[in-house]
Amino acid sequence: MLTHPLAHHQPAEAEGGALRLAPLPAMTKLDLRARDAMVERFGDVLDTALPTVPLTSTHNHDVSVLWLGPDQWLVLGGDVQAKLEDALADGFGAVTDVSQQLVGLELRGPLGFDLLACGCRLDLHPKALNEGFASRTGLAKADIILHRRPDDGGPVLWLFGRRSFSDYLWHWLLTAGREFGLRR
Amino acid sequence: MLLIHCPWCGERPESEFRSGGEAHIRRPDPANAGDAAWADYLYYRTNPKGAHVERWVHTQGCGRWFNAERDTVSDQFQRVYRMDEPR
């Protein structure tokens, strides 16, 4: 069963809906390693091609695939592990369940970029960080995977940190968010 | 903040990278190499003033190793190229 170490936290919000911080529901996360023909084979199974353009992601109705490196992807959601392992068969590649290793957080609202800018050194202008953006990077002292979801009434950012860093990330975001009116 | 151009991720902050020392150091053939060749391989580096070819890794990003030519005086990166590209 998937657990979430931050599940007991209530979402924090700023007045007017400019910023909202909440733990993401627990979801399946798979780390894929593949090259050449295996990339296509995994894409067929997922019903969406693995993104080959750096810093992008692809989606179908219940699965998102994030580019992490030229031969590495993160699959979010869905029930696809067994099917991917079948597709792997005796080929070169790897399907690793990292559901419990990574803990997800969601930032909603236009101030999410400003909040991240307090501890992340990427170019976080909404135009530089397109919808679908995906990359590993750093936030404060933690390694994170940053992913911008398709807009949903405003920008939506997903952050995935290591489980042992989840409390740190949560409290760091709450503290940094005070400046932007984020209140529990 | 120094920006380093990762061959895959583009311009990223220096803090996401780690340096791996001088690039293009060839391991001698164990069957024929003498002490001098091994000493050269293990301990001696060019340490130039000016253009220096180095290995870098984008640890807090795509995780790839690549080569870069950096000016040791100005700390400017002149060129980056992938491991499978010629010097």
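The chains referred to below are lettered A, B, ... by the order of the sequence lines, with proteins before strands, and numbering in each begins at 1. This structure is a prediction, so every number in the text was calculated from the model and none was measured.
- Interface with chain B: from residues 110-144 of chain A, residues A:Arg121, A:Leu122, A:Ser135, A:Arg136, A:Thr137, A:Gly138, A:Ala142, A:Asp143 qualify, criterion being any non-hydrogen pair under 4.5 Å.
- Inspection of non-hydrogen atoms places A:Arg33, A:Pro54, A:Leu55 of residues 28-63 of chain A under 4.5 Å from chain B.
- Using a 4.5 Å cut-off between side-chain heavy atoms of Ile, Leu, Val, Met, Phe, Trp and Tyr, with links allowed through other members, B:Val80 and B:Leu3 fall into different hydrophobic clusters.
- With a 6.0 Å radius and a threshold of 12 heavy atoms from other residues, nucleotides or ligands, B:Asp75 has its CG atom above the threshold.
- More than 12 heavy atoms of other residues, nucleotides or ligands sit less than 6.0 Å from atom CD of B:Glu85.
- A:Val98 and A:Leu66 fall within the same hydrophobic cluster, defined by Ile, Leu, Val, Met, Phe, Trp and Tyr side-chain heavy atoms under 4.5 Å apart, directly or through other members.
- Hydrophobic clustering of Ile, Leu, Val, Met, Phe, Trp and Tyr side chains at less than 4.5 Å, counting indirect connections, unites A:Ile145 with A:Met27.
- Counting heavy-atom neighbours within 6.0 Å of B:Tyr44 OH, excluding the residue itself, gives a total of 12 or less.
- Both A:Trp67 and A:Val75 are part of a single hydrophobic cluster, where members link through side-chain heavy atoms under 4.5 Å apart.
- For B:Asp29, the CG atom counts as densely surrounded, since its 6.0 Å shell holds more than 12 non-hydrogen atoms of other residues, nucleotides or ligands.
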Pairs of donor and acceptor atoms involving the side chains of residues 88-97 of chain A, under 3.5 Å and at least two apart or interchain, shall be tabulated with distances.
from: A:Asp97; atom 1: OD1; to: A:Ser99; atom 2: N; distance (Å): 2.9
from: A:Asp97; atom 1: OD1; to: A:Ser99; atom 2: OG; distance (Å): 2.5

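- Within a 6.0 Å sphere centred on CD of B:Glu11, heavy atoms belonging to other residues, nucleotides or ligands number more than 12.
- Of all residues spanning residues 150-184 of chain A, none has a heavy atom less than 4.5 Å away from chain B's heavy atoms.
- In the hydrophobic cluster analysis, where Ile, Leu, Val, Met, Phe, Trp and Tyr join through side-chain heavy atoms closer than 4.5 angstrom, A:Leu146 is grouped together with B:Trp8.
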